[in-house]
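Working notes, beginning with the structure itself.
As the structure is a computational prediction, the values presented were derived from the model and not from experiment. What you see below is based on every heavy atom in this structure, not just the backbone, and it leaves out hydrogens, waters and symmetry mates. Below, chain A is the first sequence line, B the second, and so on; all start at residue 1.
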Amino acid sequence: MPQITLPDGSQRDFDKSVSVMDIANDIGPGLAKATLAGKVDGNLVDASFVIENDAKVAIVTSRDDAALELLRHDAAHVMAQAVQELYPGTQVTIGPAIEDGFYYDFARQDPFTPEDLVEIEKRMREIVKRDLPIVREVMDRETAKQTFADIGETYKVEIIEEIIPEGEEVSIYRQGEWFDVCRGPHLPSTGKLGDGFKVMKVAGAYWRGDSKNEMLQRIYGTAWPDKKQLKAYLHRLEEAEKRDHRKLGRQLELFHLHEEAPGSVFWHPKGWTLFNLLINYMRKRQEDAGYIEVNTPDVMDRSLWETSGHWENYREHMFSTQTEDERVFALKPMNCPGSVLMFAQGLKSYRDLPLRMAEFGKVHRYEPSGALHGLLRVRHFTQDDAHIYCTEAQMEQECIDVIALVLDIYKDFGFEDVVIKFSDRPENRIGSDKIWDKLEAALTNALDSMQLEYQTFPGEGAFYGPKLEFVLRDAIGRDWQCGTLQVDMNLPERFDIAYVAEDGDRHRPVMLHRALFGSLERFFGILVEHYEGKFPVWLSPVQAVVMNITDKQAPYVEKVEKMLKNQGIRTISDLRNEKVGFKIREHTLQRIPYMLVVGDREVEEERVAVRSLGGEDLGSLAIDKFVDLVQQ
RNA sequence: GCUCAUAUAGCUCAGGCGGUAGAGCACUUCCUUGGUAAGGAAGAGGUCACUGGUUCGAUUCCAGUUAUGAGCACCA
């Protein structure tokens with residue numbers, strides 16, 4: 001005799017066990033029709049779930065976020081059914097809901113073609129139209145294994161054997177003839193899927209996410225409660241494509257990449273100007289925060305990398321070179337060993353600590369070819385790296401200062417929404433557990449004392465120490481990992497560095513590794529996409545363009561250009577024999593913040609007519625007034 | 001690195017079931033001197049990514065290589 005409590009607090013009594021759907025029916029037929037699933041004591045369940053005892057129940061309809069995940073999961077099942085109907089012999093493996101949609105991994109000899117995807121989507125729509133009831137049933141392990149073995153689904157057998165915990169019941173969901181092992185829950189029938197879905201693309205994916213395993217074919221789709229939301233999503237994708245930094249990099253003449261140097265950037269004048277603005281900005285911030293700046297060699301002897309452990313751990317990802325005398329050198333993949341040598345040079349006192357040593361270090365990493373992606377993943381990049389040498393007692397405060405600095409810097413670029421990830425000791429590591437305990441505590445204590453939220457990623461730390469990663473959310477909600485902070489007592493040990501303490505003995509310092517932009521190249525790419533190429537004035541490679549209307553004003557334009565440049569404003573002139581409308585259009589497409597038009601009137605009055613990038617007429621200004629406007 | 005796809009003018013792309021290619025924009029020259037998102041005309045520009053194979057003949061078909069794209073794996 002369950003008593004059901006609804007979200008509004010009202011209670012309903014039933015004289016026998018009831019399903020979620022029964023409850024919805026009891027409330028009203030309209031609600032029953034809209035019912036997709038239920039939440040019983042906080043757990044998402046099928047609408048057919050039967051409740052025996054008193055419970056808190058919420059009806060899930062298409063308005064609930066929870067329903068969207070079910071919808072996407074259903075879409076994966078419907079797609080799998082469509083594929084198996086169309087391509088008999090194809091094995092199904094797994095197919096979860098993901099952000100914005102779903103995928104399903106299939107094992108099949110022949111690759112799916114783009115035409116196949118069209119057919120699959122068509123068949124999915126048919127299956128939706130059939131409105132097959134989705135029914136849950138429970139099997140014992142052996143029966144389930146046999147059932148799937150009988151129809152040749154070897155991957156499903158492996159899932160039942162190895163992924164579903166011993167003792168847990170195996171649930172099967174059926175829709176028509178087709179069925180799948182699945183924990184659920186699901187929607188009541190395939191018809192509930194509606195028409196807000198689309199099959200997107202096919203790609204490879206390793207079975208169980210392990211590159212040692214065979215590669216399956218993964219088909220991705222997107223699914224939404226209705227067609228309108230699907231359309232909105234597709235529109236968002238188009239918008240994101242427009243701000244792709246690779247595309248804008250070409251259009252705005254910032255940089256290019258070349259086949260002869262995969263993963264390395266050719267910086268064009270405008271891109272390089274912006275790149276240097278970022279460096280200058282960071283240099284200033286670091287100086288204010290008590291850092292010193294140094295520079296260490298790019299190519300160093302193999303023995304250094306053996307000492308640091310990189311040769312052992314990352315050798316295949318390093319660029320190395322052998323000289324005529326058969327000595328092996330490596331291009332630095334990191335700055336830390338160089339920094340340590342810098343610290344080791346000369347005797348350090350406790351009075352020197354904390355020693356915050358920064359370097360804009362150019363590093364080379366032989367990244368797997370498939371990992372390369374525009375500026376976001378390159379083989380040659382510049383880190384705004386720094387290593388802080390301090391005592392154990394100073395370690396936590398230094399962490400706090402770094403975290404505060406990085407968050408403040410991101411704000412200057414409009415990134416307010418920063419996710420912090422904490423990664424602790426990995427399996428493959430150097431140093432004792434006792435040391436790792438201290439290091440991990442330093443990071444988490446710092447975060448706790450700053451009352452910052454963070455996510456923990458077990459086992460994801462660097463081989464020499466735990467790390468924090470700072471993930472930026474950009475203007476259109478995408479996440480990018482940028483800054484990092486790592487604490488390390490292992491490299492100091494390996495390199496046997498020390499400082500002289502108050503007691504006159506030598507002590508081992510702690511080493512903090514930190515980068516705030518992370519990779520200048522990557523941060524650059526993110527900024528391009530974040531601002532859609534419309535950089536704030538202080539970052540714009542070209543801040544103003546002066547253009548004439550007729551040849552007559554050319555000398556005045558040149559004079560204005562010179563005056564502005566003398567004031568430190570990055571200015572170009574456009575004296576081409578083109579109409580002013582044409583020039584405006586071009587410089588607008590080039591995202592120049594201020595366009596200064598000069599005709600006879602302006603020459604006469606010693607002024608410029610100012611137009612903003614947004615098309616706003618800022619009126620006719622004297623040159624010094626315009627300078628004030630830019631510099632404010 | 002793995003799967004699939006792609007590679008034609010500086011850029012964006014069309015084309016050809018095998019007989020050495022075309023548009024728009026950009027570029028050059030000329031006309032035009034025009035007040036806030038495209039004025040007009042003419043011209044120049046390509047070993048159709050690279051290397052092999054099939055063929056009388058390959059940019060087109062096949063194979064390999066390289067690069068790029070979407071994912072997967074990786075990311076000190």
Side-chain angles (χ1 to χ4, degrees), chain A residues 103 105 110-114 116-117 200-220 244 246-247 250-251 253 256-263 305 308-318 332-337 363 365-374 376-379 381 383 426 428-430 460-465 467 469 481 484 486 488 491 513 518-519 522 547-554 577-590 595-602 609-613 615-618 620:
Chain A
Y103 68 76
D105 286 349
D110 300 324
F112 290 111
T113 64
D116 292 341
L117 297 190
M200 301 293 280
K201 61 196 172 196
V202 62
Y206 296 108
W207 167 234
R208 299 180 76 171
D210 190 333
S211 59
K212 287 190 213 66
N213 291 341
E214 64 274 29
M215 183 145 279
L216 306 170
Q217 295 189 64
R218 174 173 297 178
I219 303 181
Y220 283 93
D244 189 310
R246 293 166 296 188
K247 199 170 182 161
R250 202 181 306 114
Q251 285 168 2
E253 301 167 43
H256 83 270
L257 297 158
H258 198 276
E259 191 172 334
E260 308 295 347
W305 307 107
S308 70
H310 287 97
W311 193 260
E312 196 191 340
N313 284 288
Y314 289 101
R315 182 182 170 174
E316 64 278 23
H317 296 295
M318 287 168 69
K332 65 177 175 187
M334 296 208 78
N335 302 300
C336 1
V363 296
R365 297 179 181 178
Y366 192 66
E367 301 286 6
S369 55
L372 302 179
H373 180 98
L376 302 184
R377 192 80 184 272
V378 288
R379 286 191 175 144
F381 61 100
Q383 291 180 313
N428 200 352
R429 62 177 183 263
I430 55 178
E460 304 269 307
F463 70 87
Y464 50 73
K467 65 179 178 185
E469 284 168 346
Q481 188 198 305
T484 169
Q486 299 156 20
D488 175 12
L491 277 187
H513 308 243
S519 149
R522 164 178 283 202
M547 57 191 101
N548 55 347
I549 289 172
T550 71
D551 290 345
K552 235 192 317 174
Q553 302 95 26
N577 175 14
E578 297 289 352
K579 293 198 166 167
V580 71
F582 178 86
K583 294 184 186 180
I584 294 276
R585 175 182 154 80
E586 258 192 15
H587 299 302
T588 301
L589 291 175
Q590 285 294 312
M595 281 161 268
L596 313 182
V597 178
V598 167
D600 287 338
R601 275 205 301 278
E602 286 74 21
V610 183
R611 178 190 161 112
S612 74
L613 178 54
E616 198 185 348
D617 182 2
L618 301 178
S620 179

Is there a side-chain contact between [X] and [Y] in this structure, where contact means two heavy atoms from C-beta onward sitting under 4.5 Å apart?
X         : Y         : answer
Met200(A) : Leu117(A) : no
His310(A) : Arg315(A) : no
Ile219(A) : Asp116(A) : no
Trp305(A) : Lys332(A) : yes

Return the 5'-most residue of the pair Pro111(A), Met595(A) with respect to RNA chain B, ranking by each residue's nearest nucleotide.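 Looking at RNA chain B, the more 5' nearest nucleotide goes with Pro111(A).
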
On RNA chain B, does the nearest nucleotide to Gly461(A) precede the nearest nucleotide to Glu259(A) from the 5' side, or the other way round? Give the residue.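 Whichever sits nearer the 5' end wins; that is Glu259(A).
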
Could you state the atom-to-atom distance from [atom1] of [X] to [atom2] of [N] in whole Å?
X         : N      : atom1 : atom2 : value
Tyr206(A) : A73(B) : OH    : C1'   : 5 Å
His317(A) : G1(B)  : NE2   : C1'   : 9 Å
Lys332(A) : A76(B) : NZ    : C1'   : 14 Å
His256(A) : U12(B) : NE2   : P     : 13 Å
Arg377(A) : A67(B) : CZ    : C1'   : 18 Å
Lys212(A) : G1(B)  : NZ    : P     : 18 Å
Met215(A) : C74(B) : CE    : P     : 11 Å
Gln251(A) : C11(B) : CD    : P     : 13 Å

Let's see if you can work this out: which of [options] has an atom nearest to the side-chain heavy atoms of [X]?
X         : options                : result
Phe463(A) : A76(B), G39(B), U12(B) : A76(B)
Ala371(A) : G34(B), A70(B), A73(B) : A73(B)
Ile549(A) : A76(B), G34(B), A37(B) : G34(B)
Ala203(A) : C75(B), A37(B), A70(B) : A70(B)
Val597(A) : A73(B), G35(B), C75(B) : G35(B)
Ser369(A) : G1(B), A67(B), U68(B)  : G1(B)
Pro368(A) : C74(B), U12(B), A76(B) : C74(B)

Can you find a donor-acceptor pair, distance only, under 3.5 Å between Glu602(A) side chain and G35(B) base?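 Yes, the side chain and the base share a sub-3.5 Å donor-acceptor pair.
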
Checking only heavy atoms, does the side chain of Arg218(A) share a donor-acceptor pair with the base of C4(B) at less than 3.5 Å?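 By the distance-only test, no, there is no pair.
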
Between [N] and [M], how far is it from one [atom1] atom to the other, in whole Å?
N      : M      : atom1 : result
C48(B) : U20(B) : P     : 13 Å
U47(B) : A9(B)  : C1'   : 14 Å
U54(B) : C62(B) : P     : 16 Å

Using a 4.0 Å heavy-atom cut-off, does Tyr103(A) contact any base of the nucleic acid, only the sugar-phosphate backbone, or nothing at all?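 It contacts nothing in the nucleic acid.
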
Using Watson-Crick or G-U wobble geometry with both distances under 3.5 Å, which nucleotide pairs with [N]?
N      : result
A21(B) : none
G69(B) : C4(B)
C27(B) : G43(B)
A58(B) : none
A38(B) : none
U51(B) : A63(B)

Determine, step by step, whether Tyr206(A) and Arg208(A) satisfy the side chain to side chain donor-acceptor pair (under 3.5 Å) criterion, reporting the C-alpha distance in whole Å, the side-chain angles of both residues, the deciding distance to 0.1 Å, and the verdict. CA-CA 6 Å; Tyr206(A) 296 108; Arg208(A) 299 180 76 171; over 6 Å; no

Are Arg429(A) and Tyr464(A) in a cation-pi setup, meaning NZ or CZ lies under 6.0 angstrom from the ring centre and within 45 degrees of the ring axis?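 Relative to the ring axis of Tyr464(A), which defines the angle, Arg429(A) lies outside at least one limit.
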
Compare the ring of Phe582(A) with the six-membered ring in the base of A38(B) and state whether they stack (centres under 5.5 Å, planes under 30°).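 One would not call Phe582(A) stacked on the A38(B) base.
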
Given the rule in the side chain to side chain donor-acceptor pair (under 3.5 Å) test, do Asp105(A) and Gln217(A) qualify, once you have shown the distances and angles that lead to the verdict? CA-CA 5 Å; Asp105(A) 286 349; Gln217(A) 295 189 64; over 6 Å; no

